[in-house]
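Indexing begins at 1, ligand by ligand and atom by atom, following the structure's order.
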Amino acid sequence: MSNNWDALVTFDQQHLWHPYTSLNHPTPVFPVKSASGVRLTLEDGRELIDGMSSWWAAIHGYNHPALNAAIENQLKSMSHVMFGGLTHKPAVDLAKKLINITHDDLQHVFFADSGSVAVEVAIKMAIQYWASQGQPQKQRLLTIKNGYHGDTFGAMAVCDPDNGMHHLFSNVLAQHLFAQSPNCSGQTTYDQTAIDDFEHLLKNNVGAIAAVIIEPLVQGAGGMRFYSAAYLKKVRELCTDYNVLLILDEIATGFGRTGTLFAYEQAHIAPDILCVGKALTGGYLSLAATLCSSKVANGIGDGQHPTLMHGPTFMANPLACAVANASLDLLLNSPWQENVNQIEQQLITELSICRTFTSVKDVRVKGAIGVIELHQALDIHWMQPRFVELGVWVRPFSNLVYVMPPYIIEPADLSRVTSAIKQVVSEITETSP
Ligand SMILES: *Cc1c(COP(=O)(O)O)cnc(C)c1O
């Protein structure tokens, strides 16, 4: 067993890139043999309770019989066919479901193969919409700081300009507009200073702006920040007033994570274009989608450039669509809202104590997301193995220790995750000056 572990880790560390790592200074990796429910089993037999849902995705837990069955059944008829000129029931069923559960305005679906690609497609739709309307100069995007929209070049260009990769790639990236991010506290009103800055940029550049792109209510990988529904509502109003499109990136927040099926529901608004991904397949396969309104779809279709110029090889992969259909059925037939609320209450109760630790700057909880922001960047080389020793899987980054467990986690298991976090965060307090 331990031979197997060593062989995997040794080869891996010499040859495999992991997300955001250096091959010359690899961070520790832990070989997983299997995963079931909320438990990951490592190659040496140790079990870890999952606090991450494999990055917002595995909302029903791992190895779920209904999701397994959906893939097995689909496999027997076809695993893939090209989507150019062909269609199939899994894709049509999934598009119907997505149209049904999102805002009535959203009637058209583009299936992409990852979240980043869904964002690229959304940006293309927006620029092409204006080109078709005879306004090809409207090509820029307005967003807010601390955002994260993916790692491809179009998406990267709207990620936070400081903690994103703008410096390294500054000559290659499209130059977009960044308003200050709204303040990150539990307020119910909007941050007037942030809105003023946003409106100022919008007003001064409106002739060049195709769309606003923003993560609704929760900014994920750009800082795990939460902002008010009132701010989002104001952004929607300004987009309407100044006649620019609104792209909402719900790749992280979609499918219940913030307490509503989509975060935008809390602001009682609708986007012109919506990106979903991550939890779409319950964490089984890579699939994302870009939905848009008839205004956008017809605006493109009726215009001078009627063809939407995108078409991934694995577009609408039937296996991915089949498991997404099963995942949505599972979600909608489960008491997900109750589960998310219960997780929220438990995270508030159990994590609040961390506010008293000297290393901690802020503790915040929204839906099934708990965040502990530290004053200083953490040491992943120390912290990651420490979490594993304590029997939980939590993957911190930068100065953030955060959890977003599968919705099915039992209170006792969630307590083990929060206890480990309290333990590890308290140890930083003791070891740092
Ligand atoms: C993860 C994420 C993406 C990118 O999705 P990938 O599937 O990793 O390409 C885009 N936007 C948001 C908000 C995300 O959280």
Side-chain angles (χ1 to χ4, degrees), residues 17-21 52-59 102 110-126 141 143-161 163-165 173 176 178 181-182 184 211-227 232 235 246-258 261-264 271 273-291 310 312-317 320-321 323-324 327 366-369 371 395 397-398 400 402-404:
W17 257 298
H18 285 263
Y20 316 106
T21 54
M52 301 305 292
S53 304
S54 284
W55 279 338
W56 316 85
I59 54 176
T102 55
F110 187 104
F111 285 117
D113 31 19
S114 73
S116 300
V117 173
V119 169
E120 300 285 335
V121 170
I123 294 172
K124 268 192 194 177
M125 280 180 182
L141 299 166
T143 185
I144 57 175
K145 290 180 182 170
N146 292 106
Y148 177 79
H149 297 284
D151 291 343
T152 54
F153 278 85
M156 206 163 53
V158 284
C159 291
D160 185 88
N163 71 24
M165 287 157 283
L173 290 181
H176 295 306
F178 295 87
S181 36
C184 176
V212 165
I213 181 167
I214 190 168
E215 294 156 278
L217 305 194
V218 175
Q219 296 186 285
M224 298 301 296
R225 299 174 84 261
F226 305 154
Y227 67 85
L232 183 60
V235 164
L246 176 61
I247 302 169
L248 291 184
D249 179 350
E250 292 245 13
I251 291 167
T253 51
F255 308 109
R257 184 57 70 177
T258 66
L261 206 46
F262 296 96
Y264 68 73
I273 300 174
L274 173 71
C275 300
V276 296
K278 290 200 161 102
L280 175 59
T281 63
Y284 267 59
L285 286 165
S286 183
L287 182 71
T290 310
L291 284 84
H310 212 95
T313 305
F314 288 98
M315 188 166 180
N317 173 260
C321 289
V323 74
S327 174
K366 183 164 187 66
I369 314 166
V371 181
R395 176 72 178 166
F397 74 99
S398 179
L400 299 161
Y402 67 109
V403 280
M404 43 214 189

**Q** Applying ring pair (Phe, Tyr, Trp, His ring centres under 6.0 Å), can you list everything that pairs with Phe262, at least two apart in sequence or on another chain?
**A**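 By the ring pair (Phe, Tyr, Trp, His ring centres under 6.0 Å) rule, Phe262 matches Phe255, Tyr264.
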**Q** So among Ile369, Ile251, Thr253, which one has a side chain to side chain contact (heavy atoms under 4.5 Å, CB included) with Trp56?
**A**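 For Trp56, the side chain to side chain contact (heavy atoms under 4.5 Å, CB included) test succeeds with only one of Ile369, Ile251, Thr253, which is Ile369.
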**Q** Show me the pairs that pass side-chain hydrogen bond (donor to acceptor under 3.5 Å, both in side chains) and involve residues 110-123, at least two apart or across chains.
**A**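 Residue pairs passing side-chain hydrogen bond (donor to acceptor under 3.5 Å, both in side chains), neighbours aside: Glu120-Thr152.
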**Q** For ligand 1, what is the set of protein residues having any non-hydrogen atom at a distance below 4.0 Å?
**A**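 Residues Ser114, Gly115, Ser116, Tyr148, His149, Gly150, Glu215, Asp249, Ile251, Ala252, Lys278 each place a heavy atom under 4.0 Å from ligand 1, listed by chain and number.
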**Q** Just by distance, do the side chain of Ser53 and the backbone of Met404 share a donor-acceptor pair under 3.5 Å?
**A**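 Checking the backbone N and O of Met404 against the side chain of Ser53, a donor-acceptor pair under 3.5 Å is found.
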**Q** Verify, without hydrogens or angle tests, whether Gln219 (side chain) and Lys145 (backbone) share a donor-acceptor contact under 3.5 angstrom.
**A**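 A pair under 3.5 Å: yes.
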**Q** Sequence neighbours excluded, which residues qualify as ring pair (Phe, Tyr, Trp, His ring centres under 6.0 Å) partners of Phe111?
**A**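 Phe111 satisfies ring pair (Phe, Tyr, Trp, His ring centres under 6.0 Å) with no residue once adjacent residues are dropped.
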